[in-house]
S.K.: 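Can you keep this structure in mind? I'll have questions shortly.
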Amino acid sequence: MAGTLIFLLVSSLLQGALCGTFNIKMPQNINVLRGSCVTIPCSFDVESRFEKYLDHTCKAYWSDSPSFTSRNAKLKPTKDMTGDLIKKDCSTTFINTNLLQRSKYYFRLECNNALKYTFSHGVDISFIAVPPSPTLIPSTLEVKEGTSVSLTCSAPAPCWSHPPALRWTPNRGQSWEILQEHQDKTKVKTSVMSFTASHLHHGNKISCTAVYRKQDGSPDVTAETSLIPVISYSPKDVRISVSPSGPIREQQKVTLTCSSNANPAVENYAWYRAGRNEETLIGIGRTLNVAVSTINSIFFCKATNKIGVEQSSNLQIDVQYSPKDVRISISPSGPIVEHRKVTLTCSSNANPAVKNYAWYRAGRNEETLIGTGSTLNVAISTINSIFFCKVTNTLGFERSSNLQIDVQYSPKDVRISISPSGPIVEHRKVTLTCSSNANPAVENYAWYRAGRNEETLIGIGRTLNVAISTINSIFFCKATNKIGVEQSSNLQIDVQYSPKNITLSVSPSGPVPENSNVILTCSSNANPAVRNYTWFMGDGDQETFIGTGTSLNIQVSRDRRTFFCNAENEIGVGRSSSIQIDVQYSVLYPVIISALTALLLVSICVVLFFIRAQKNPCKHKGQLPDESNTVATCRPITLEENEAPNTTEDSIYANTDWLKVPENIHHATIAGPSNTNLPNVRANDEERESESSEEEDSCEAIYSNMH
């Protein structure tokens, strides 16, 4: 078996010698898978006198020449690549097979003592690209169904540190793996798969694949061995087919055929008719011709071979006929309260099965389709109480007789009438009457007042006398008999009243500036609707009419006056409460206006001065005593210094000095500049031009009056 287990070992002929002499044991030939690691199984012996020299200094060397030393050895494996040399184990693993070549390699042992020896027998190294196929035991499989089976797959492990991986396809059951070592120290990877044979395994290939991973990074390589199991089993999938297929009329003949899956083939078929408590043999052979009926429609067959017997399932032949005995049942039975749901069930005897159930409500001169299906859930009423059903299959239809349901019901059409009718003035009394339709008759009437979240019992009896108000205007009544109670809809009485809850709103809200406009709005609650709104302004004890309409647009002032409105309808008049508008104003406003006016006047004077100065140069009188004085004057340069002063000019300075006194300024009466208060500039210019021929360097002063 060693020759089939290891692809490294072509020949298992081992070399040896007598104990006490130098000898070595290793394979004669090894085939190496390119790119994979390899282990050379090796053991040796030495002469007895050298036993004492085997120590930890000993090292292993390999070369392709029988004569070499450690210095010229081709391969110098490290200690982790070799076995225990002290125990005479020279097995060596080469991870990088690129260091090897096709040749015979010899082993040399060297220790740091007298023990140094090259063994004369070597191993031939060859290279292969594809590993040998795994060994499968047994190589063929022929068993009966139910037999326990174990398949063993073995593949050589040329590199002990990287054995191949074994894979079963398909994996039929549990499997386990081991790495086994033979007497010659070669190793194989073994996987055992155990399963129970089934007819499903028959003819389906089972394979074992060995996957070798290469250490040089090249793709893995695989080798595969397979077998096709032969499983013997009793008949399976025994079944019956019928011809003609489809529905069969009663007493029509059909051909029945029995088939199955078996190994070996079926030897015998037997036919049986199935009854309630018995089965009757009615024929032998793969086919059977038989006339079917409603009492002769269930059959099965049995198939037998050398392994065993198997029975088909029962075949129910579809014997067809139109529906019979159509009838209706009701649940619950007895008298039915109106609007209560009942379940009506339509049943019949038919084959093929009923295709359609249809339900009808019967009237005096008509019938109305109301539903389909074998059952009908329906709420019963006085106009919905007579029913029948129709049953249909592929061969025809049949109708049931009418079902009349006894319907009882609680009061209906509960309603309220009022006297007197029409709108009612608040606090006036009315008479309410409750009426209904009921079977049996009404036993009790109860009256209720409806609120937003509650209802209050206010009386018993068919009639009720009550005073009406805005909070007492929605009513309903309940009518009760032995079946139940029913409530009328709410009666909303039209209660009329004078305006209430009159409110006045201001827009915009909050404080408003003096002299701005606001909108006053008057609103109220009234029935009938308000036909007139009137507005009043209050000043102390006086009230003054100021307008009409739901809203009023007014301009506000700082006067602290009040406002209110009246709302009027056909019933009466209502008045709102008075409001006072918060008006805001500022005392700095007149001062600011006066300052701006003065600044404007001074600016005009300065502009006019510079225009005149460009036309008539003159000598300035000098800097004004007060920097705040902005009115400049000038006069003609004359030879006589004692000329009378210009009184008009002096009055201008006097006016400005007067204005410096704060109490002399009246902000409310300062007016802007007026053209009538300014001198006629054009007229003065013409007069000066006429005098310029007689006088030198003449100029005019600009005057401005402030009022």
Side-chain angles (χ1 to χ4, degrees), residues 337-339 379 381-383 408-505 520-536 548-551 564-577:
V337 176
E338 189 178 26
H339 302 307
S381 67
T382 55
I383 59 172
Q408 294 186 343
Y409 53 95
S410 60
K412 296 181 176 183
D413 304 325
V414 181
R415 55 198 177 277
I416 301 175
S417 60
I418 183 172
S419 178
S421 59
I424 305 298
V425 177
E426 190 173 22
H427 305 306
R428 182 176 177 182
K429 280 195 172 184
V430 296
T431 298
L432 305 179
T433 302
C434 188
S435 59
S436 69
N437 177 20
N439 183 23
V442 172
E443 298 175 344
N444 179 54
Y445 290 96
W447 291 92
Y448 295 83
R449 180 174 62 245
R452 290 186 178 179
N453 301 314
E454 61 180 357
E455 53 186 44
T456 306
L457 178 66
I458 58 174
I460 299 295
R462 190 164 182 267
T463 61
L464 176 70
N465 293 318
V466 62
I468 304 302
S469 68
T470 55
I471 60 173
N472 189 30
S473 62
I474 298 178
F475 302 92
F476 66 89
C477 65
K478 292 182 180 180
T480 307
N481 68 356
K482 293 179 180 179
I483 304 301
V485 61
E486 186 64 29
Q487 174 178 324
S488 71
S489 58
N490 289 346
L491 171 68
Q492 172 70 60
I493 298 176
D494 184 8
V495 181
Q496 295 190 339
Y497 51 91
S498 61
K500 300 180 180 181
N501 305 323
I502 303 172
T503 58
L504 193 155
S505 61
L520 305 180
T521 302
C522 190
S523 60
S524 67
N525 181 18
N527 187 24
V530 172
R531 64 185 179 185
N532 185 36
Y533 288 96
T534 55
W535 293 89
F536 296 87
T548 61
T550 57
S551 62
F564 67 89
C565 64
N566 287 348
E568 178 184 4
N569 69 356
E570 297 175 359
I571 306 301
V573 179
R575 169 175 170 162
S576 72
S577 58

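Predicted model only: the values in this text are computed from it and were never measured.
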S.K.: Leu520 and Leu504: which non-hydrogen atoms are nearest, and at how many Å?
M.R.: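 In terms of heavy atoms, the two residues are closest at CD2-CD2, 4.2 Å.
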S.K.: Give, for atom CD of Gln408 and atom OG1 of Thr382, the distance between the pair rounded to the nearest 0.5 Å.
M.R.: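 Here the rounded value is 12.5 Å.
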S.K.: Find out whether Asp494 and Ile424 are in side-chain contact, i.e. whether some heavy atom of one side chain is under 4.5 Å from a heavy atom of the other.
M.R.: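 Answer no - side chains too far apart.
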S.K.: Side chains of Arg428 and Ile468, heavy atoms from C-beta outward: is any pair under 4.5 Å?
M.R.: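 No, too far: nothing below the 4.5 Å cut-off.
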S.K.: Find out whether Val414 and Cys434 are in side-chain contact, i.e. whether some heavy atom of one side chain is under 4.5 Å from a heavy atom of the other.
M.R.: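 Yes - at least one pair of side-chain heavy atoms lies under 4.5 Å apart.
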S.K.: Roughly how far apart are Arg462 CZ and Tyr445 OH, rounded to 0.5 Å?
M.R.: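 That separation rounds to 5.5 Å.
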S.K.: Do you know which two heavy atoms are closest between Asn569 and Pro528, and how far apart they sit?
M.R.: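 Shortest heavy-atom contact: ND2-O, 2.9 Å.
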S.K.: Could you verify whether a donor N or O on one side chain and an acceptor N or O on the other, from Ser473 and Gln492, lie under 3.5 Å apart?
M.R.: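 Yes, because at least one side-chain N or O of Ser473 sits under 3.5 Å from a partner of the opposite role on Gln492.
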S.K.: Could you report the tightest heavy-atom contact between Gly549 and Trp535, atom names first, then the distance?
M.R.: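 Looks like O-NE1, 2.7 Å.
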S.K.: Do the numbers put Lys478 on top of the ring of Tyr448, so that NZ or CZ is under 6.0 Å from the six-membered ring centre and no more than 45° off the axis?
M.R.: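 Cation-pi check for Lys478 and Tyr448: passes.
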S.K.: Looking at side-chain heavy atoms only, is the closest gap between Val530 and Pro499 below 4.5 Å?
M.R.: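 Contact flag for Val530/Pro499 side chains = yes.
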S.K.: Quick one: does Thr548's side chain get under 4.5 Å of Tyr533's, heavy atoms only?
M.R.: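 Not touching, per the 4.5 Å side-chain cut-off.
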S.K.: How many angstroms lie between CD1 in Ile502 and CZ in Phe564, if you round to the nearest 0.5 Å?
M.R.: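 CZ of Phe564 is found 11.0 Å from CD1 of Ile502.
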S.K.: Which heavy atom of Ile416 sits nearest to which heavy atom of Ser489, and what is that distance?
M.R.: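 Heavy-atom minimum between the residues: CD1-O, 4.4 Å.
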S.K.: Side chains of Trp447 and Ile460, heavy atoms from C-beta outward: is any pair under 4.5 Å?
M.R.: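 No, side chains not in contact.
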S.K.: Which atom names give the shortest non-hydrogen contact between Ser551 and Thr521, and what distance separates them?
M.R.: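 The pair with the smallest heavy-atom distance is CB-OG1, 4.0 Å.
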S.K.: So, taking the atom named SG in Cys522 and the one named CG in Asn566, what distance separates them when rounded to the nearest 0.5 Å?
M.R.: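 Result: 8.0 Å between the selected atoms.
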S.K.: Should Thr463 and Leu432 be marked as a side chain to side chain contact (heavy atoms under 4.5 Å, CB included) after you check the CA-CA gap, both sets of side-chain angles, and the distance that decides it?
M.R.: CA-CA 5 Å; Thr463 61; Leu432 305 179; over 6 Å; no
S.K.: Are any non-hydrogen side-chain atoms of Thr534 and Asn532 less than 4.5 angstrom apart?
M.R.: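 Side chain of Thr534 against side chain of Asn532, heavy atoms only: contact under 4.5 Å found.
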S.K.: Any side-chain to backbone donor/acceptor pair from Asn481 onto Pro440? Under 3.5 Å, distance only.
M.R.: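 A pair under 3.5 Å: yes.
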S.K.: Report the distance from atom CG of Asn437 to atom CD of Glu486, rounding to the nearest 0.5 Å.
M.R.: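 Going from CG on Asn437 over to CD on Glu486, the span is 11.5 Å.
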S.K.: Evaluate the criterion side-chain hydrogen bond (donor to acceptor under 3.5 Å, both in side chains) for residue pair Thr503 and Ser523; output intermediate values, then yes/no.
M.R.: CA-CA 5 Å; Thr503 58; Ser523 60; 2.7 Å; yes
S.K.: Could you walk me through whether Thr431 and Asn465 satisfy the side-chain hydrogen bond (donor to acceptor under 3.5 Å, both in side chains) test, starting with their C-alpha distance in whole Å, then the side-chain angles of each, then the deciding distance to 0.1 Å, before giving a yes or no?
M.R.: CA-CA 5 Å; Thr431 298; Asn465 293 318; 2.6 Å; yes
S.K.: Counting only heavy atoms not in Ile383, do more than 12 fall under 6.0 Å of its CD1?
M.R.: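 No, CD1 of Ile383 has 12 or fewer neighbouring heavy atoms, counting only those of other groups under 6.0 Å.
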S.K.: Working to the nearest 0.5 Å, report the span between CG of Asn527 and NZ of Lys500.
M.R.: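 Answer rounded to 0.5 Å: 10.0 Å.
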S.K.: Search all heavy atoms of Ala526 against all heavy atoms of Tyr497 and return the closest pair with its distance.
M.R.: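 Taking every non-hydrogen atom into account, CA-CE1, 3.6 Å.
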S.K.: Taking atom CD of Gln487 as the centre, report whether more than 12 heavy atoms of other residues, nucleotides or ligands fall under 6.0 Å from it.
M.R.: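 Enclosed.
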S.K.: As a test of understanding, state which of His427, Glu426, Arg449 forms a side-chain hydrogen bond (donor to acceptor under 3.5 Å, both in side chains) with Asn472.
M.R.: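 Among His427, Glu426, Arg449, the one meeting side-chain hydrogen bond (donor to acceptor under 3.5 Å, both in side chains) with Asn472 is Arg449.
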S.K.: So do Arg575 and Val573 actually touch side chain to side chain, heavy atoms under 4.5 Å?
M.R.: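 No, every pair of side-chain atoms sits at 4.5 Å or beyond.
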